[in-house]
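What follows is a short report on a single structure.
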Amino acid sequence: MPRSYVAEAKRHGLGRRRERIGPIVERLAAEHSDAQIALRFRSDLELLVSVMLSAQTTDTNVNRVTEVLFRKYRRPEDYLAVPEEELERDIYTTGFFRQKTKAIRGTMRVLLEEFDGKVPNRLEDLVRLPGVARKTANVVASELGHAQGIVVDTHVRRLSQRLGLTRHDDPAKIERDLQALFPRDAWIYLAHALIQHGRRVCDARKPACERCSLADICPSARPGVS
Ligand code: SF4
């Protein structure tokens, strides 16, 4: 259990969680109006593969690899038509290339066998694909316009804790807290904005509280900054 900033927010008179939601959404929207997924893709299939490749690496690295990859692999069949080692080589620089290759090929098989070669947009279908956990499924479903949850990655987790929006450390529990707090139509944008804020302002090691638009309503703002 992380240090609870939920209680600290109350103690410092910053208001209850629900009262701070409006200002948090408004300020993030003003500051990060350009917040969107950084992965580059042109189809549902490219989206799914990009998100699967993005585990444990940067979006920039994935985009560098997929720029070439997607010229060669256009349909689910293409990923199964080459020897496993060839796909491993093609995605090598994204790291964990053996596991990712197995997951991608397994996913392509299921897409062909059960979904007519199409990427499903329901969370319960997406999580049935090999190597597709809830976070990946949430990202894909959201980008396909069918958000059924909130993406909780490392940035969303850290920001939710620092802003005192959750007492939890487990992504599934954090997601439940955020779902209860934020209106459904804010779910997709919220994740993008928190990720952006985490990258640009609220760094894991050196949060820039002195230039943070949320400092006056953030229970973990450094003392003297707000
Ligand atoms: S005030 Fe500091 S800790 Fe709080 S969200 Fe901003 S940068 Fe992060």
Side-chain angles (χ1 to χ4, degrees), residues 1-39 51 54-63 133-139 141-143 147-226:
M1 175 80 68
R3 178 177 171 194
S4 173
Y5 288 109
V6 177
E8 282 191 34
K10 269 193 219 157
R11 208 165 33 246
H12 294 295
L14 299 182
R16 301 169 68 85
R17 277 186 280 187
R18 286 194 182 284
E19 292 160 5
R20 291 184 291 123
I21 295 309
I24 288 174
V25 173
E26 278 165 27
R27 294 181 200 183
L28 288 177
E31 195 174 346
H32 305 294
S33 55
D34 58 339
Q36 57 181 339
I37 191 165
L39 295 168
V51 181
S54 69
Q56 310 291 331
T57 189
T58 63
D59 292 347
T60 308
N61 192 26
V62 172
N63 289 338
R134 186 173 173 92
K135 190 184 90 181
T136 299
N138 258 333
V139 175
S142 296
E143 291 304 317
Q148 291 142 74
I150 297 176
V151 176
V152 178
D153 74 345
T154 179
H155 298 291
V156 175
R157 181 167 147 230
R158 182 175 73 255
L159 270 284
S160 302
Q161 291 171 342
R162 285 182 176 171
L163 286 165
L165 302 177
T166 184
R167 290 186 169 86
H168 294 291
D169 205 26
D170 172 41
K173 290 180 181 166
I174 293 174
E175 185 183 349
R176 274 204 295 276
D177 281 345
L178 295 179
Q179 283 177 319
L181 286 168
F182 289 89
R184 202 182 177 98
D185 60 4
W187 287 1
I188 298 178
Y189 177 74
L190 176 75
H192 287 319
L194 287 176
I195 291 168
Q196 198 83 285
H197 201 69
R199 285 185 179 143
R200 292 177 176 171
V201 184
C202 191
D203 181 79
R205 266 172 282 177
K206 276 192 175 171
C209 302
E210 63 287 348
R211 60 178 176 84
C212 178
S213 60
L214 305 175
D216 62 318
I217 49 173
C218 175
S220 38
R222 283 202 305 277
V225 180
S226 70

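Since the structure is predicted, the reported quantities are computational estimates derived from the model, not experimental observations. Both counts, for ligands and for their atoms, begin at 1 and track the order of listing.
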Checklist entry - Is it the side chain (CB and beyond), the backbone, both or neither of C218 that lies under 4.0 Å from ligand 1, heavy atoms counted? => result side chain
Next on the checklist: Given 3.5 Å as the limit, does a donor-acceptor pair link the side chain of Q161 with the main chain of H168, or not?
Outcome noted: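 Present.
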Next on the checklist: With a 3.5 Å distance limit and no angle check, can you tell me whether D59 reaches the backbone of I37 through a side-chain donor-acceptor pair?
Outcome noted: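 The answer is no, because no donor-acceptor pair under 3.5 Å joins these two groups.
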Next on the checklist: Holding to ring-ring contact (aromatic ring centres under 6.0 Å, His included), I want the full list of residues that pass it with H192, two or more places apart in sequence or in another chain.
Outcome noted: none
Checklist outcome for this item: One finds that the ligand 1 atoms under 4.0 Å from a non-hydrogen atom of A221 are 1 (S)
Item to check | Salt bridge flag under 4.0 Å for residues E175 and R134 | outcome: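 Salt bridge present between E175 and R134.
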Checklist entry - So, is H197 placed with an N/O/S atom under 2.8 Å from atom 8 (Fe) of ligand 1, counting both backbone and side chain? => result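 Short answer: no, not a single N, O or S atom is under the cut-off.
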Next on the checklist: Please state which option from A215, C202, A204 has its nearest heavy atom closest to atom 7 (S) of ligand 1.
Outcome noted: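 Nearest heavy atom to atom 7 (S) of ligand 1 lies in C202.
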